[in-house]
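The block underneath contains the structure these notes are about, expressed in C-alpha cells.
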Amino acid sequence: MDLELIIKEIKEKLSNASSLQDLAALKPLYLGKKGAISQLMSNMKNLSIEERKTFGQQVNAIKTEAEDLFKTKEQELNDKLVSEKLAKETIDVTMPGVKFAAGSIHPLSQTIMDLEELYTSMGYEVAEGPELETDEYCFEKLNLPKGHPARDMQDTFYINPEWLLRSQTSPVQVRTMLEKKGKPIQIICPGKTYRRDQDDATHSHQFMQCEGLVLGKNITMADLKGALLEMAKKILGDDKEIRLRPSFFPFTEPSVEVDVSCVKCGGKGCSMCKNSGWIEVLGAGMVNDNVLRMCGYDPKEIQGFAFGIGIERITMLKYGIDDIRNFYSNDIRFLKQFKETK
Ligand code: PHE
C-alpha cells in the first residue's frame, strides 16, 4: 500500500473513532504485528539494498507518525471521558433532598423523658438498678420476708430461689439507701419490670415503672402529695387533680393508692372511670420504719416517701390508648401517630 495513503486512511478512521474501544480495535490494523505497517516491512526483502535503506527510513517515519496520531487521539478521548464524568458528577445544590423516613419517639420513652424532666427540675436524681435482681433486694429488705402473703400480689419470674426478674422498681430504693448510708435521698428510677401475667389489654409480662424515693428530715405525706400532683399535671394536663386512698404495701406505712381525675370526663363520671370520676394511677406511701432500719437508716432521724408510677398506665391515659400490647407490638402505624408529640 502507498505510504502516504496509509497515513491518510489512519487520519480518516481516527476522526471517526469516538471511543477508546474504537481506538483499541483500530490500532492493531496498522500498528499490530500483522498490521499494515509491519506488512510493508516484510515486503522489503524484494527490494535492492539501496532501496531498502530509503524505504526503511520512510516506513519508520510513517510508523512514528502513525503512533503519534494514535497517541494524540487517545489523549483526546481520555480528556473527553474525564470532562464528561466531571459534568455528570456536578452537584446541583438546588435539587430537593432525598427524604428519609425518620422514626419517632416511642410514647413510653416520651413519658420517661417527661418524668425525668419534671423530677430533675425539682432536684431529684435519676437512679438505675439491674433488671435481674436478688430476692433479698426485691422482697426481703422491702419488708416482704419469705412466705409473706403479700408476695402473692406479684407473680414473679424466678431464675433460681435467689435470683429473679424484678417485679417492681422498688429494689432500687434498697440499693440507693444502702449506697447513701443514712444520708438524705431524692431519686426517681424509671425502668423495666416483669411479672408472670397473661398478656391481655391491661396486662403485660414486661412493663415499666418509675420509682420515686425521698428521704430527709421532716418529709411528710403533704410532700408526697405535692410531688404526685405535679406529675399528674405535667403528664395528663394542668386541670388534673389527685386524691389519695388508703391502701397496703409492705414497704410503706401508711400506704396509699393515688387516683387522678378522669381524663375522659374530667371528674363528672363516665364509663371509663366507672362513674366515680377518678382513675387509679399509682401506689405510694411513707417508707416503712422496718425498711429504713434494714437499709441502714434511723427512722427517728430521717423519714420520707416512696411512689411507684405505672408508666404504661399514665401513657395510656394520656393518649387514650386502650391496649397495653400496642406498646410492644412494633406496629409502625401505631408508632407513627406519636410523631408530632413534642
Ligand atoms: N412497688 C409497688 C408496686 O409495684 C408500688 C409502690 C412503690 C408502692 C413505692 C409504694 C411505694 O405495686
Side-chain angles (χ1 to χ4, degrees), residues 114-127 139 141-144 148 150 153-154 168-178 180 182-190 209-263 267 273 276-311 313-314 317:
D114 290 347
L115 288 171
E116 288 183 351
E117 188 182 290
L118 171 73
Y119 283 111
T120 53
S121 79
M122 286 158 61
Y124 288 64
E125 277 174 52
V126 179
F139 295 128
K141 279 199 163 24
L142 288 167
N143 209 23
L144 269 145
H148 192 292
M153 282 172 20
Q154 300 182 9
Q168 50 186 354
T169 42
S170 301
V172 185
Q173 289 186 40
V174 175
R175 288 177 173 275
T176 312
M177 283 188 259
L178 292 174
K180 298 271 174 169
K183 293 210 188 71
I185 291 175
Q186 199 178 3
I187 54 142
I188 56 160
C189 167
Q209 289 189 331
C210 180
E211 197 77 11
L213 174 68
V214 176
L215 293 181
K217 280 196 188 306
N218 305 320
I219 305 280
T220 71
M221 206 102 179
D223 298 310
L224 169 64
K225 193 170 180 189
L228 294 176
L229 181 60
E230 287 303 316
M231 185 280 295
K233 288 181 183 296
K234 164 103 178 171
I235 306 286
L236 298 173
D238 257 343
D239 56 338
K240 296 293 170 294
E241 293 296 334
I242 60 167
R243 75 171 182 186
L244 311 186
R245 266 185 301 110
S247 184
F248 173 78
F249 298 102
F251 32 91
T252 45
E253 180 60 38
S255 301
V256 289
E257 239 145 7
V258 180
D259 298 340
V260 66
S261 45
C262 180
V263 289
C273 57
S276 70
W278 297 97
I279 292 180
E280 185 197 322
V281 286
L282 63 105
M286 300 306 289
V287 180
N288 190 304
D289 286 359
N290 284 340
V291 174
L292 288 172
R293 272 191 291 268
M294 277 189 279
C295 298
Y297 280 73
D298 178 357
K300 287 198 198 70
E301 287 294 316
I302 267 185
Q303 328 59 44
F305 61 78
F307 56 81
I309 305 168
I311 293 182
R313 181 110 179 102
I314 56 171
L317 291 174

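Note that these values count all heavy atoms, side chains included, but never hydrogens, waters or copies made by symmetry. In this text, all values refer to a predicted model and were calculated from it rather than measured experimentally.
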Out of curiosity, [X] [atom1] to [Y] [atom2], how far, rounded to the nearest 0.5 Å?
X	Y	atom1	atom2	value
L215	K180	CG	NZ	11.0 Å
M177	L292	CE	CG	6.0 Å
M286	F249	CE	CZ	15.0 Å
E241	L236	CD	CG	12.5 Å
Q173	I187	CD	CD1	7.0 Å
N288	N143	CG	CG	4.5 Å

Indicate yes or no: at least one non-hydrogen side-chain atom of [X] is less than 4.5 angstrom from one of [Y].
X	Y	value
K217	E301	yes
E280	D259	yes
I185	Y297	yes
E116	I188	yes
E257	L282	no

For this session: Please test L118 against D114 for side chain to side chain contact (heavy atoms under 4.5 Å, CB included), starting from the C-alpha separation and ending with a verdict.
Result: CA-CA 6 Å; L118 171 73; D114 290 347; over 6 Å; no
Problem set entry | Positive for side chain to side chain contact (heavy atoms under 4.5 Å, CB included) with V258, one of L244, L229, I279 |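 Running side chain to side chain contact (heavy atoms under 4.5 Å, CB included) over L244, L229, I279 with V258 returns exactly one hit, L244.
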Exercise. Do other residues, nucleotides or ligands put more than 12 heavy atoms under 6.0 Å from K233 NZ?
Worked result: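 Atom NZ in K233 is packed in, count exceeds 12.
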Exercise. Can you tell me if E211 and S170 form a side-chain donor-acceptor pair at under 3.5 Å?
Worked result: yes
For this session: Take I314 and M231, measure what side chain to side chain contact (heavy atoms under 4.5 Å, CB included) needs, and give me the verdict at the end.
Result: CA-CA 10 Å; I314 56 171; M231 185 280 295; 4.2 Å; yes
For this session: Go through the steps to decide whether S261 and W278 satisfy the test side chain to side chain contact (heavy atoms under 4.5 Å, CB included), and finish with yes or no.
Result: CA-CA 5 Å; S261 45; W278 297 97; 4.1 Å; yes
Provide the closest heavy-atom pair for [X] versus [Y] in the form atom of the first, atom of the second, distance.
X	Y	answer
M294	K141	O-CE, 3.6 Å
F251	L142	CB-O, 3.4 Å
P190	I311	CB-CD1, 4.2 Å
C210	L115	CB-CD1, 3.9 Å
I302	K183	CD1-C, 4.2 Å
K240	V260	CB-CG2, 3.9 Å

For this session: Could you list the residues that satisfy ring-ring contact (aromatic ring centres under 6.0 Å, His included) with Y119, not counting sequence neighbours?
Result: Y124, F307
Problem set entry | side chain to side chain contact (heavy atoms under 4.5 Å, CB included) between I309 and V281, intermediate numbers included | CA-CA 7 Å; I309 305 168; V281 286; over 6 Å; no
Problem set entry | With I219 via side-chain contact (heavy atoms from CB on, under 4.5 Å) - residues at least two apart | V214, D223, F305
Exercise. Thinking salt bridges, do K234 and E117 make one under a 4.0 Å N-O criterion?
Worked result: yes
For this session: Ignoring hydrogens and angles, tell me if any N or O in the side chain of E253 forms a donor-acceptor pair with the backbone of F248 under 3.5 Å.
Result: no
